[in-house]
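Order of the sequence lines sets the chain letters (A, B, ...), proteins ahead of strands, with each chain counted from 1. The structure presented is a predicted model; accordingly, all values stated were derived computationally and were not measured.
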Amino acid sequence: MDEELHERVREVVRALPEGSVATYGDVAAAAGAPTPRLVGRILAEDGQDLPWHRVLRADGTPAPHLATEQLARLRAEGVSSEGGRIPLGRFRHRPR
DNA sequence: AAAGTGACTAGAC
DNA sequence: CGTCTAGCCACTT
């Protein structure tokens, strides 16, 4: 299995600063994942100890089944969600 | 082996 | 704003 990829993804997500967010695409690019889908899969499997709530979809909306929890957590960090959506232009952070 | 699935995305309308 | 299509990749049926 791609243990390396898992580790890289975890590290990137772990490094996301509080009060900022990144898209699955950003994480995928930073971690070298072949497709953003894999990032979601990896987080579902191995993201329980990470700030996964700082990872959003490209349009600033979280995945449907997580939306409630995710938006609540972000709000608690000072990330203002407007109508279930995060203004990426303001909070987005691109990991290296 | 073929088809379905999902924490995704970009483009077309 | 919204819905639909087509790619995408690893995994499960």
Value in whole Å for how far the [atom2] atom of [N] lies from [atom1] of [X]:
X        : N       : atom1 : atom2 : value
Leu5(A)  : dC11(C) : CG    : P     : 10 Å
Glu45(A) : dC9(C)  : CD    : C1'   : 14 Å
Asp59(A) : dC1(C)  : CG    : P     : 10 Å
Asp2(A)  : dC11(C) : CG    : C1'   : 12 Å
Arg57(A) : dG6(B)  : CZ    : C1'   : 11 Å
His6(A)  : dA7(B)  : NE2   : P     : 16 Å
Leu71(A) : dA7(B)  : CG    : C1'   : 13 Å
Leu38(A) : dT12(C) : CG    : P     : 13 Å

### Message
Categorize Ala58(A) for me: base, sugar-phosphate, or nothing, with a 4.0 angstrom heavy-atom threshold over every strand shown.
### Response
sugar-phosphate

### Task
Name the nucleic acid region contacted by Arg41(A), choosing base, sugar-phosphate or nothing; use a 4.0 angstrom heavy-atom cut-off, strictly under.
base

#### Entry: Shortest non-hydrogen separation from Leu88(A) to Arg57(A) and the atoms involved
CD1-O, 4.2 Å

### Query
Are side-chain N/O atoms of Glu45(A) and His6(A) paired as donor and acceptor at under 3.5 Å?
no

### Query
Are Thr23(A) and Arg94(A) close enough that a side-chain donor and a side-chain acceptor fall under 3.5 Å?
no

On a whole-Å scale, what distance lies between the [atom1] atoms belonging to [N] and [M]?
N      : M       : atom1 : result
dA7(B) : dG2(C)  : C1'   : 22 Å
dC8(C) : dG6(B)  : C1'   : 12 Å
dA1(B) : dT13(C) : C1'   : 12 Å

#### Entry: Arg75(A) vs Ser80(A) side-chain heavy atoms within contact, under 4.5 Å
no

### Query
Taking the side chain of Pro34(A) as heavy atoms from C-beta outward, which of dT9(B), dA7(B), dC9(C) is closest to it?
dC9(C)

### Message
Looking only at the side chain of Leu43(A) (C-beta and beyond, no hydrogens), which of the listed nucleotides dA7(B), dC1(C), dT9(B) gets closest?
### Response
dA7(B)

### N-O pairing of Arg10(A) and Asp46(A) below 4.0 Å
yes

